[in-house]
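Notes follow once the structure below has been shown.
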Amino acid sequence: MATKRLQAYQDVLNRTPKHMDYDGKVSELFAKNVFHADTMREYLPSDAYKSMMESIQNGTRLDRKMADQVASAMKDWAITKGATHYTHWFQPLTGSTAEKHDAFFKPVGPGKAIERFDGDLLVQQEPDASSFPNGGIRNTFEARGYTAWDPSSPAFVIGKTLCIPTIFISYTGESLDYKMPLLKALHAVDQAAVDVCQYFDKNVTKVNATLGWEQEYFLVDQALFNARPDLMMTGRALFGHSAAKGQQLEDHYFGSIPERVTAFMREYENEAISLGIPVTTRHNEVAPNQFECAPIFEECNLANDHNLLLMDIMEKVARKHDFRVLFHEKPFSGVNGSGKHNNWSLSTNTGVNLLAPGKNPKTNLQFLTFFVNTIKAIHDNADLLRACIASAGNDHRLGANEAPPAIISAFIGSQLSSLLDEIEKNVKAGKMTPEDKTELKLNIGKIPQIMLDNTDRNRTSPFAFTGNKFEFRAVGSSANCSSAMIVLNTIMANQLKDFKKNVDSRIDKGESKDEAILKELQKLIKDSKKIRFEGNGYGDEWVKDAEKRGLSNLKDTPRALKVWGDKKVAKLFDSLNILTPRELHARQEIEFDSYILKLQIEARIINDIAQSQIIPAVITYQNKLIQNVQGLFAILGEKTAKTSAKAQLELIEEISLHLNGLKSKCDVMLEARKRANDLEDLEAKAIAYCDQVKVHFEEIRYHADKLELLVDDELWPMPKFREMLFTR
Ligand code: ADP
Ligand code: MG
């Protein structure tokens, strides 16, 4: 009987590309399934349209009457798109999105029914919240949670469902999701940035954070995926010897994309485009079967919704094409992992990108202000940035010589480095003469609009300036970007508030505005110097250098998550009204818990696969060898057979060695798990899982992977790396 693996492999060889039949213009699809401003204008009475626009732009509340009108318009529009149901779409702290579907249909009398959807149903819902993580926020007797409409992200139709983006809060109004704190952080950075912009341009009344994410992922054939319990249950291969050919040849990067994959990409892209997600680039990544999708950047909250939506669409469309998409940060050891670069900037209602060098000294001083404040914010909150990207999956990636190191630093390129050095040296301590100022302004005026050295930029930095935005590269591919964006926008808001206060106090003491700004910038440049690093982030040298500089190197998730418990951190989030200490604490608990759960599942699957798949296959093969040896002894006699069966005897022994290794390490791990499970305290438990359980994963795998090379290929139970990574 063929193994599951060989059957699966046969399926894969028989596959053909499944091209979709849409041949129209892609531009005509754009936002076709989105209830956007133009659609609203068409479906709403003008006063309702106006209040809706105001609500989108300024976050004002819609009154009941307007909400009814919007709901009814939304329903009418959605029905024209074939929708029969609606759902509040939200982002619980599980990491994915959730929805609860209800029908528009409502019986109103014998044999009579209508399609109903009013303001109440639009504005607030009460999904069964008991199964979502809450970190102790919800009391058992009050398990209710509410979802509340976020008008700043437009509703959309997928299939037959109208989806309404919402926040998710507890009965007591505390946040249980990613969206609510994100909206608050975006509001805080908006206010703080507008205040600072007033030094330069009085017309600035609104500043949006912008986010452009780049989503990396792997594709695996569905049949092979289904034959790998580890991929199915944990998203990563817990066993598997590297393929003889890996990514050494780098022939995959920008190589031609296989037809089956192109067909998949075309279909999900078209679907994404019809939902208003501006996807444009698609290319291969470094590792075999790894790809990337990067849309044009958008306002941060919308961009994040779009990322989650796209991940969902990709998973659904992949199945149609007999693929599974893997968003795990490290599905296959030995080849590159996946990240999700978060490109971030701030942009004004006057159309200015605050992190793009301008055309004249004044706009350049504004650029420098935001640029230097960002670096200072990174410097002061490096540990928080490390914490917000920490996860069991990302631990395999950070610091693993192919992804950003776990040490947070900022790369800015040589041109800006020398400019900052110059400001640091040349801004005089006392009162500046007009000549001093002119010279500095001249220097600042010389900042080129395009940073030449950034075109070939340092790819080993976790946080890099890339000409007109910062790129936070350490975010994991499976993460909700909000985690990173909440922190980044919060620390920026805090830093800008601080900056404003200090500049104002200098002005009050008689310094001119420009002088006050420059002196304050000089101080920030000095104080944040140690976070700037232009060298190779993957090198061992950097680890030593960073330690000398006093930068943290938090190598694993449990250590990184500790920072959420800091009093300073609680004060920061509380003072800006983003998360209360209770909400923050709940989040830390949820993160610890999720880390423990992931490792627990991995440990169980490792044990299951070892005991019920690998060991039986190994014994079957060993028995074959034993039979063969016995046969040789029977026909040749002991003396001759000993020589003839030398190879078989050696193999039998080698197999026994690894079999014993595998089994005994599994037993040791089981004991370690028991001890870890007995711990009550979540932090202690997470640390025990990290230090005492996870350490055995590699040892167990070592023996299993050796056995994979020894055992008859026909008998090996699970698809091998070469099959998963090189068959399409
Ligand atoms: P790569 O990092 O692969 O070289 P690019 O530098 O071309 O890619 O662009 C990366 C991403 O940066 C794109 O998704 C783009 O939309 C985004 N981006 C460009 N400008 C901004 C901005 N002002 N704010 C946020 N994201 C931006
Ligand atoms: Mg990038």
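Residues take their numbers from the sequence shown, with the count starting at 1. Excluded from the calculations below are hydrogen atoms, water molecules and symmetry mates; all remaining heavy atoms, backbone and side chain alike, are included. Ligands are counted one by one from 1 in listed order, and the atoms in each one are counted from 1 as well.
Across every non-hydrogen atom of Q290 and S338, the tightest pair is NE2-OG, 3.1 Å. Looking at every heavy atom in both residues, A387 comes nearest to W564 through CB-NE1, 3.8 Å. Nearest heavy-atom pair across I486 and A185 is O-CB, 3.8 Å. P405 approaches G537 most closely through the heavy-atom pair CG-O, 3.4 Å. Residues P165 and S153 come closest through the heavy atom pair CG-O, 3.5 Å.
Close approach of ligand 1 to P295 (heavy-atom distance below 4.0 Å) involves ligand atoms 14 (O), 16 (O). Of all atoms in ligand 1, numbered sequentially from 1 with element shown, those under 4.0 Å from a heavy atom of G212 are 25 (C), 26 (N). Close approach to E471 involves these atoms of ligand 1, each under 4.0 Å from a residue heavy atom: 2 (O).
No N or O atom of W344 sits closer than 3.5 Å to an N or O atom of ligand 1. Between A294 and ligand 1, no pair of N/O atoms sits closer than 3.5 Å. At under 3.5 Å, not a single nitrogen or oxygen of I296, backbone or side chain, sits near a nitrogen or oxygen of ligand 1.
The part of R459 lying near ligand 1 is the side chain, judged by heavy-atom distances below 4.0 Å. Contacts between A356 and ligand 1 below 4.0 angstrom, taking non-hydrogen atoms only, are absent altogether.
Cation-pi geometry between R236 and F332 is not satisfied (NZ or CZ under 6.0 Å from the ring centre, within 45° of the ring normal).
With atom 9 (O) of ligand 1 as the reference point, the heavy atom nearest to it among E292, H341, K469 is part of K469.
By the salt bridge (charged side-chain N to carboxylate O under 4.0 Å, His left out) test, K330 pairs with E402, sequence neighbours left out.
With values rounded to the nearest 0.5 angstrom, R386 atom CZ is found 6.0 Å from L554 atom CG.
The closest approach between a heavy atom of N353 and any atom of ligand 1 is below 4.0 Å. The closest approach between G467 and ligand 1 stays at or above 4.0 Å for every heavy atom of the residue.
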